[in-house]
Amino acid sequence: MSEQNYNFKEIELKWQKRWEKEKVFKAAEDLTKKKYYLLEMFPYPSGKIHMGHVRNYTIGDVLARFKRMQGYNVLHPMGWDAFGLPAENAAIKHGVHPARWTMDNISYMKKQLKMLGLSYDWEREIATCHPEYYKWSQWIFIKMLEKGLVYRKKGFVNWCDSCRTVLANEQVEGGLCWRCESVVTQKELEGWFLKITDYAEELLAGCEKLSSGWNERVLTMQKNWIGKSYGAEVDFPVEDLNKAIKIFTTRQDTLFGATFMCMSPEHPLVSEIIKGTGYEGVVRQFASEISREDKRMRVAADIEKKGIFTGRHAINPMNGEKIQIWLANFVLIEYGTGAIMSVPAHDQRDFEFAKKYNLPIRIVIMPKQIFNSELQTLNSKLLKEAFIGEGYLVNSGQFNGLDSREARDKIGNYLNDKGIGKKTVNYRLRDWGISRQRYWGTPIPVIYCERCGIVPIPYEDLPVILPTDIDFPPDGKSPLVNNDKFIKINCPKCKGEARQETDTMDTFICSSWYFLRYTSPRFEDYPVNKEASAYWMPVDQYIGGIEHAVLHLLYARFFTKFLKDTGVVETDEPFTNLLTQGMVVKDGAKMSKSKGNVVDPDDIIDKYGADTARLFILFTSPPEKDLDWSDQGVEGAYRFLNRVWRLVTSQESEKIPNSQLRKITHLTIKKVTEDIEERFHFNTAISAIMEFVNALYQIQGSGVRGQGSEVNSEFREAINTLIILLSPFVPHIAEEMWEMMGNKGNLIKEPWPSYDPKFIKSEEITIVVQINGKVRGRIMAGADIDEEGIKKAVLSDEKIKEWIAGKEIKKLVVVPKKLVSIVV
RNA sequence: GCCGGGGUGGCGGAAUUGGUAGACGCAAGGGACUUAAAAUCCCUCGGCGGGCAACUGCCGUGUCGGUUCGAGUCCGACCCUCGGCACCA
């Protein structure tokens, strides 16, 4: 490495130490100042930070520093999402205690973050595995229990055999485990659920409020996930059984066409329905076969439809018709009521099923064109596929002739009146299963007492401490299950013998409220200090990866709404603005060990320094887009910093008169400010700075080199401005240059410059001349020229005259100060 | 299938409200400096054509059409691509 290059190692360490010593990033409530809460998603301490983290945190740091310089009281905290399976897996594999593993990782990663020069208030650091933190996760759990939002249920749940634990619906991606990508199966298990569905409507409605600050993509994903649909629930009485099967449909206009019905193999009424039919054996076998199939196979859209007749019939409540009850593999227990009415003429799945098993098909909706024609011949026998569109009702008793939309309304009312069903709204969103059959997580604060049943731990006894003296049993079970010290507990109510719950909470609980805890991280009376959260919340800008679009971001909204309803906080939406940054890729693929395309941040920092790493990442791509890593691009960023360094350090004694200097300076201020503030387009902000530097070099080169000691004050001013504008992006080198310029005090405390419109006003402007839509010339004119003046100037221009010579001007458009368009 | 991004030079990207397409950077080529190299500095750099030259003409933002004096930008149809959801009743 050449000696001419600046010494980033020394400089970066120097300023990191100084910022830390002077506590320049410490945040405190100050009602006289406007607050700005900037947050990046906290990392899981997996070992080392990766380039995705570097990008995420660099973007955040630019904004934090920028806002700070603009005079905002900035809260910019960092912490650790410290519970989770990898710690436990490391323990099993390498014999390290999960706590030890986690804490070691935290301390290494913290060092790495500090080396990047990130402006965090480290005094607010939290780790979710600390009892002082998870105590409050438990507190919130009990609050939810009190409010009836927590319940225990036995049912079919998503099971990952590799992680040996249950997964929430949100954590199953395409039938695979979100963490380890193993196939997920259904397993009947008892566990704890949070009633996020109680908030479905609010969470959906909130999406509208967020539309100005969240990107469309995330909101659409959340809306789809919540999956609201309007329809009706209808009870189909079962023949010879004092029971009814409840179905959900969005097409109650097709009720008369329901010629059979299908239940999910997991439906709780199955065993009752098959009792005494003589079909019990085969049906049971079918049901258990289907249940045992992979979730992935189950949900693949093109899998063959399979079913079996239960031997029992139901009554279509609209026409009293006796219809067969089947079990079908495509009916999902987790959607709607777990049972459907089958209308083969108007639903493609039902159609295929009916064709396969020879079940009756009856048309009850006529397409409008056919209905209006003489023929009216949509024939069920000739039907090649279901007609799923809207039309007019036929074969539907008193509802014949109505159009679908009207019929849905009228039939809905009829169901209400007759007490056979009701209009309803259905959500795809399911309750959140939070029980994890693992060790390294927040203990669920309830006990089982033989006399009192399930009893929550009293608030004053929290936290329920996760024991650390544990051994991992060879059977793969949680070390808590047989840990007598942990399990044996006296019932808080009757003081008798009781058993502590051994499931731990889903780690997504920890991250559902950490942003609140940052506002008062050491508060001892409640999860959050209400005054502190009232001052800081909501988060003004949240930054993180899109992969959490429906996981963390939905859960966090749910928790915030709940805590608002409980009176703990005043905020109802936690994140006003959300920026989802793209991935860091190399050679067209996500960085991964298996592809061998991983770039280690440590190596980059060692070779080029943090400022270069930051600059490259910010300059190469706008934040939302994927960033293609390029070693040559990094070189380029480093080259630029050295170029700036030379510019600043070499302006020894020059007198440089230049009339454009101040204008360029202020234009750059304007461009950089607007690009950061309004668009987060750091790449174009940096390119404007690069142009500025290029211009300064030119001006310097054209200057009169003299022996004197006077440095032109405007040039000096320009250099100082350049340093300030660079500082959010490359803070270390900027501070160093600031100091070298003889400025007093930390650059970080310098106010962000504002531009003066009077300097950026041009006296001369360029008017583009188009003839028949093609650019044919440019003319210079005074900035205050009026429309007539422009016309005159254009028409008297020699070149333009040539183009229009001998032709008639048919039209002439003048765009003030910009352009003239002539049609000949 | 549904929903949402996106398609601009060799590459990353710019063009913010319909008004000079390709800023800035990377790569490449040429030159200066050097014994030589590195570093640095200067020049060229969308395609095709014309000119000794300062220059200049035509074409060009996935495809086809439309609106407009003027379209990368707006409208319609289509193609490709990435992402999400998906037997959702």
Side-chain angles (χ1 to χ4, degrees), chain A residues 1-5 173-175 215-225 227 229 231 247-251 254 261-262 298-305 328-332 334-343 346-350 352-353 426-428 546-547 549-550 582-583 616 619-622 624-637 639-640 642-643 646 671 674-675 678-679 681 683-694 697 701 766-778 810-815 817-824:
Chain A
M1 202 155 295
S2 158
E3 286 169 56
Q4 293 148 2
N5 290 339
E173 295 171 347
N215 92 37
E216 195 53 44
R217 196 165 149 208
V218 177
L219 287 175
T220 309
M221 281 164 79
Q222 292 217 350
K223 283 184 211 161
N224 289 346
W225 190 262
S229 54
I247 63 102
F248 171 75
T249 178
T250 55
R251 290 297 300 271
T254 64
M261 61 190 308
C262 291
R298 244 345 243 291
V299 299
D302 43 12
I303 196 166
E304 197 196 350
K305 288 171 187 40
N329 62 343
F330 68 89
V331 181
L332 307 171
E334 63 260 29
Y335 185 77
T337 59
I340 59 164
M341 65 168 184
S342 296
V343 187
H346 305 292
D347 181 289
Q348 187 57 26
R349 291 156 299 170
D350 296 346
E352 286 166 28
F353 197 84
N426 188 61
Y427 298 93
R428 207 186 76 107
I546 189 125
E547 65 272 19
V550 282
M583 281 190 307
F616 165 72
F619 176 66
T620 302
S621 243
E624 283 101 335
K625 278 204 175 189
D626 283 355
L627 183 150
D628 211 341
W629 188 270
S630 145
D631 293 332
Q632 284 159 338
V634 179
E635 284 281 353
R639 215 153 40 212
F640 172 71
N642 279 303
R643 191 167 146 82
R646 284 193 303 274
K671 172 78 176 154
E674 287 172 358
D675 279 354
E678 291 163 22
R679 313 195 302 160
H681 278 201
N683 56 334
T684 52
I686 291 167
S687 78
I689 295 175
M690 286 174 170
E691 286 180 80
F692 188 33
V693 170
N694 291 343
Y697 262 103
T766 309
I767 306 278
V768 173
V769 185
Q770 293 183 349
I771 295 169
N772 289 344
K774 291 203 162 100
V775 178
R776 294 301 183 194
R778 302 172 172 85
K810 291 185 186 138
K811 191 163 186 178
L812 200 149
V813 182
V814 178
V815 181
K817 295 185 178 180
K818 262 190 184 156
L819 172 142
V820 173
S821 184
I822 304 169
V823 187
V824 292

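Each chain gets a letter, A, B and so on, in the order its sequence line appears, and its residues count up from 1.
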Legend entry - Nucleotide pairing, RNA chain B (Watson-Crick or G-U, distances under 3.5 Å), in dot-bracket with [ ] and |: (((((((..(((......[....))).(((((.......))))).(((((....)))))..(((((..]....))))))))))))....
Inset, instruction - Would you indicate, yes or no, if B:A14 has its OP1 or OP2 atom less than 4.0 angstrom from a side-chain nitrogen or oxygen of A:K671? - result: no
Inset, instruction - Report yes if at least one side-chain N or O of A:S621 is closer than 4.0 Å to OP1 or OP2 of B:G13; otherwise report no. - result: yes
Legend entry - Atom pair CZ/CG of A:R643 and A:N694 - distance to nearest 0.5 Å: 4.5 Å
Inset, instruction - Output the distance between atom CG (A:N683) and atom CG (A:D675), rounded to the nearest 0.5 Å. - result: 8.0 Å
Find the distance [X]:[atom1] to [N]:[atom2] and express it as a whole number of Å.
X      : N     : atom1 : atom2 : value
A:H681 : B:A15 : NE2   : C1'   : 12 Å
A:F640 : B:G13 : CZ    : C1'   : 17 Å
A:Q348 : B:A89 : CD    : C1'   : 14 Å
A:E624 : B:U16 : CD    : C1'   : 14 Å
A:H346 : B:C87 : NE2   : P     : 23 Å
A:F330 : B:C88 : CZ    : P     : 9 Å
A:R217 : B:C82 : CZ    : P     : 13 Å
A:K774 : B:C58 : NZ    : C1'   : 8 Å

Rounded distance in Å between the [atom1] positions of [N] and [M]:
N     : M     : atom1 : result
B:A86 : B:A27 : P     : 44 Å
B:C52 : B:C59 : P     : 24 Å
B:A14 : B:C88 : P     : 39 Å
B:A15 : B:G65 : C1'   : 25 Å
B:G25 : B:U34 : P     : 27 Å
B:G76 : B:A71 : C1'   : 15 Å
B:G18 : B:C2  : P     : 30 Å
B:U56 : B:U67 : P     : 32 Å

Under the salt bridge (charged side-chain N to carboxylate O under 4.0 Å, His left out) test, which residues partner [X], sequence neighbours left out?
X      : result
A:D628 : none
A:K223 : A:E208
A:E691 : none

Legend entry - Ring centroid separation A:F353 to A:F330 under 6.0 Å: yes
Considering only side-chain heavy atoms of [X], which listed nucleotide, [options], is closest?
X      : options             : value
A:F248 : B:G4, B:U16, B:A89  : B:A89
A:S229 : B:U16, B:G4, B:A89  : B:A89
A:W225 : B:C59, B:C87, B:A86 : B:A86
A:R776 : B:C87, B:C58, B:C41 : B:C58
A:R679 : B:G83, B:A89, B:U16 : B:U16
A:Y335 : B:C88, B:G4, B:C41  : B:C88

Identify whether any heavy atom of [X] sits under 4.0 Å from a base atom; if not, whether one sits that close to sugar-phosphate; answer base, sugar-phosphate or nothing.
X      : answer
A:R428 : base
A:D626 : sugar-phosphate
A:K625 : sugar-phosphate
A:K810 : nothing

Legend entry - A:W225: partners by ring-ring contact (aromatic ring centres under 6.0 Å, His included), with sequence neighbours left out: none
Any donor-acceptor pair under 3.5 Å linking the side chain of [X] with the backbone of [Y]?
X      : Y      : value
A:D626 : A:G582 : no
A:N329 : A:E304 : yes
A:D350 : A:V343 : yes

Inset, instruction - Using a 90° cut-off around 0 for syn, call B:G9 syn or anti. - result: syn
Legend entry - For the student: nearest non-hydrogen atoms of A:M341 and A:M261, plus distance: CA-CB, 4.1 Å
Legend entry - Closest heavy-atom pair and its distance - A:S229, A:Y335: OG-OH, 3.4 Å
Legend entry - Of A:D628 and A:T220, the one whose closest RNA chain B nucleotide lies more 5': A:T220
Inset, instruction - Encode nucleotides 19-27 of chain B as B, S and - characters from 5' to 3', where the letter depends on protein heavy atoms closer than 4.0 Å: B to the base, S only to sugar-phosphate, - to neither. - result: BB--BBSSS
Inset, instruction - State whether the distance check finds a donor on one side and an acceptor on the other, under 3.5 Å, for side chain A:K305 versus base B:C87. - result: yes
